[in-house]
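Read through the structure below, which is laid out as structure tokens, and then see the notes.
Start at 1 with the first residue, then count along the sequence. All values derive from a computational prediction rather than experimental measurement.
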Amino acid sequence: MNKPRSSLRRLMLAAALASPVASFAQLPYPNKPIRIVNPFPPGGSADVLARVIGEKLQDSLKQPVVVESRPGGNTLIAAGYVANSAPDGYTLMIAIDFTLTLTKALYRQLPFDPDRDFAPVSLLTTQPLLLLSNPRKMSVKSVPEMIAYAKANGDKMNVGVGAVVSQLVWEAMKGSAQVQGELISYRGSQPTTTALLAGDINLSIDAPLTNLPFIKEGRIAPLAVTSRVRMPSLPETPTVGELGLPGMEMLSMFCLVAPARTPQDVLLKLNQEMRRIMALPDVQAKLSEYALTATSSTPEELQGMLKAFSERWSPVVRRANIRLD
């Protein structure tokens with residue numbers, strides 16, 4: 001007679017022990033702090049973007065959001081870390097297009113697979129590049145004048161770049177405009193701008209942020225912008241398309257990604273939040289101070305944009321034999 005009671009007690013104990021686990025598993029996302037990994041040093045535009053997003057997410061999701069900078073290795077350190085994190089929505093990354101589209105062409109070995117190890121969440125911002133000159137070093141006021149100068153003075157022509165994407169635009173310009181010149185690489189925008197101001201280089205192809213103050217002072221001249229439309233902050237600067245050089249068009253992208261195999265419902269919730277946050281006027285105003293245009297997308301749209309970017313620029317990497325390892 002005791003056997004049924006003993007069996008019943010065991011079943012009840014098992015149910016009691018299992019119920020907290022089941023309850024925990026069904027907690028809605030998020031139920032603990034979220035980490036946003038920034039692959040660049042603190043203080044830059046990616047860091048600002050991560051903190052703006054983090055603040056808004058924290059307010060709406062009622063969970064702490066921590067921004068963690070993991071710079072180094074041309075973003076590979078942070079990307080490898082995130083790719084190997086738990087796919088639960090609690091580790092995210094502010095990714096730049098370079099990491100997700102060009103690294104396979106630039107490196108023989110990677111600590112991650114850019115095509116398989118990340119789940120796209122949303123596009124966040126876009127930013128064009130600028131073709132810039134030092135008016136005291138080279139007295140040209142337009143791209144046609146610059147092309148004429150380059151063809152007549154090829155041995156004196158040089159261009160500074162601080163990122164691979166800038167080098168790719170130069171490679172496209174060489175093909176489109178049939179110009180040549182010495183390429184000088186720097187470690188980022190700041191030293192590139194410094195070299196241009198010092199007259200060490202004739203031209204640079206660079207992001208707007210570090211150059212805008214000197215453009216306003218007249219110490220740097222913007223010759224063209226690589227977007228399809230003119231920049232609101234530089235309305236007199238023509239686009240490369242207007243100048244007959246559409247092959248130079250490029251928009252650099254920041255986006256939000258999660259580790260592959262993150263649950264779809266979590267990705268959907270994050271995407272909805274990104275689309276809401278990036279449409280907020282105060283967010284758009286803050287990011288515009290860093291020459292970033294706030295935007296958003298569905299995960300599928302972002303995947304398509306990254307695929308198009310890779311198909312456009314990876315062949316240029318290979319033709320120019322650009323390697324980073």
Side-chain angles (χ1 to χ4, degrees), residues 40-41 44-46 71 74-75 96-98 102 106 127-227 231 233-234 237-240 243 245 247-252 290-291 313 316-317 319-324:
F40 297 96
S45 53
N74 280 324
T75 75
I96 195 165
D97 43 43
F98 160 88
L102 300 179
L106 291 163
Q127 177 180 241
L129 299 174
L130 292 171
L131 177 62
L132 304 158
S133 72
N134 180 333
R136 291 174 299 175
K137 173 80 172 180
M138 187 173 62
S139 58
V140 300
K141 297 180 180 179
S142 67
V143 169
E145 288 182 11
M146 183 275 292
I147 292 172
Y149 176 91
K151 289 182 176 180
N153 302 274
D155 57 330
K156 299 177 183 178
M157 189 69 181
N158 56 31
V159 57
V161 299
V164 170
V165 289
S166 299
Q167 183 175 350
L168 295 180
V169 171
W170 171 242
E171 293 295 335
M173 184 171 189
K174 285 164 60 180
S176 298
Q178 298 299 302
V179 295
Q180 295 295 322
E182 180 187 5
L183 182 77
I184 303 176
S185 295
Y186 297 91
R187 288 184 170 271
S189 275
Q190 196 66 53
T192 307
T193 302
T194 300
L196 185 63
L197 288 168
D200 297 336
I201 51 178
N202 303 113
L203 296 172
S204 72
I205 299 171
D206 203 3
L209 182 59
T210 57
N211 295 282
L212 285 173
F214 303 108
I215 291 172
K216 291 176 182 177
E217 294 173 4
R219 297 173 64 191
I220 290 177
L223 302 180
V225 58
T226 64
S227 51
M231 287 180 62
S233 56
L234 295 172
T237 304
T239 69
V240 289
L243 297 167
L245 301 167
M248 291 176 62
E249 284 179 357
M250 176 185 280
L251 277 182
S252 185
Y290 291 81
W313 294 106
V316 180
V317 171
R319 282 199 304 270
N321 196 29
I322 303 171
R323 306 293 304 187
L324 295 181

Polar side-chain atom of [X] near backbone of [Y] as donor-acceptor pair, under 3.5 Å:
| X | Y | answer |
| --- | --- | --- |
| T226 | L129 | yes |
| S166 | G162 | no |
| S139 | P135 | no |
| N158 | G181 | no |

Rounded to the nearest 0.5 Å, what separates atom OG in S176 from atom CG in L245?
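If I round to the nearest 0.5 Å, the distance is 5.5 Å.
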How many angstroms lie between atom NZ of K137 and atom CG of N134, to the nearest 0.5 angstrom?
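These two atoms lie 8.0 Å from each other.
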Minimal non-hydrogen separation, [X] against [Y], with atom names:
| X | Y | value |
| --- | --- | --- |
| A207 | Q127 | CB-NE2, 3.8 Å |
| F98 | N74 | CE2-O, 3.2 Å |
| L132 | P222 | CD2-CA, 3.8 Å |
| Y149 | K156 | OH-CB, 4.1 Å |

Compare all side-chain heavy atoms of [X] with those of [Y] and state whether any distance is below 4.5 angstrom.
| X | Y | result |
| --- | --- | --- |
| Q167 | E171 | yes |
| T75 | F40 | yes |
| M173 | V159 | no |
| M250 | P128 | no |

Is there a donor in the side chain of T210 and an acceptor in the side chain of T193, or the other way round, less than 3.5 Å apart?
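There is such a pair between these side chains.
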Just by distance, with hydrogens left out, do D206 and S189 show a side-chain donor and acceptor under 3.5 Å apart?
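Per modelled atom types, D206 and S189 side chains form a pair under 3.5 Å.
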Tell me, yes or no, whether the heavy-atom count around Y290 atom OH, taken from other residues, nucleotides or ligands under 6.0 Å, exceeds 12.
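Atom OH in Y290 is not packed in, count stays at 12 or less.
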Please name the residue in the list E182, M138, Q180 that meets the side chain to side chain contact (heavy atoms under 4.5 Å, CB included) test with M157.
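Passing option: M138.
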State which residue, out of L168, I322, V169, fulfils the side chain to side chain contact (heavy atoms under 4.5 Å, CB included) condition with V316.
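Testing V316 for a side chain to side chain contact (heavy atoms under 4.5 Å, CB included) against L168, I322, V169 leaves exactly one candidate, L168.
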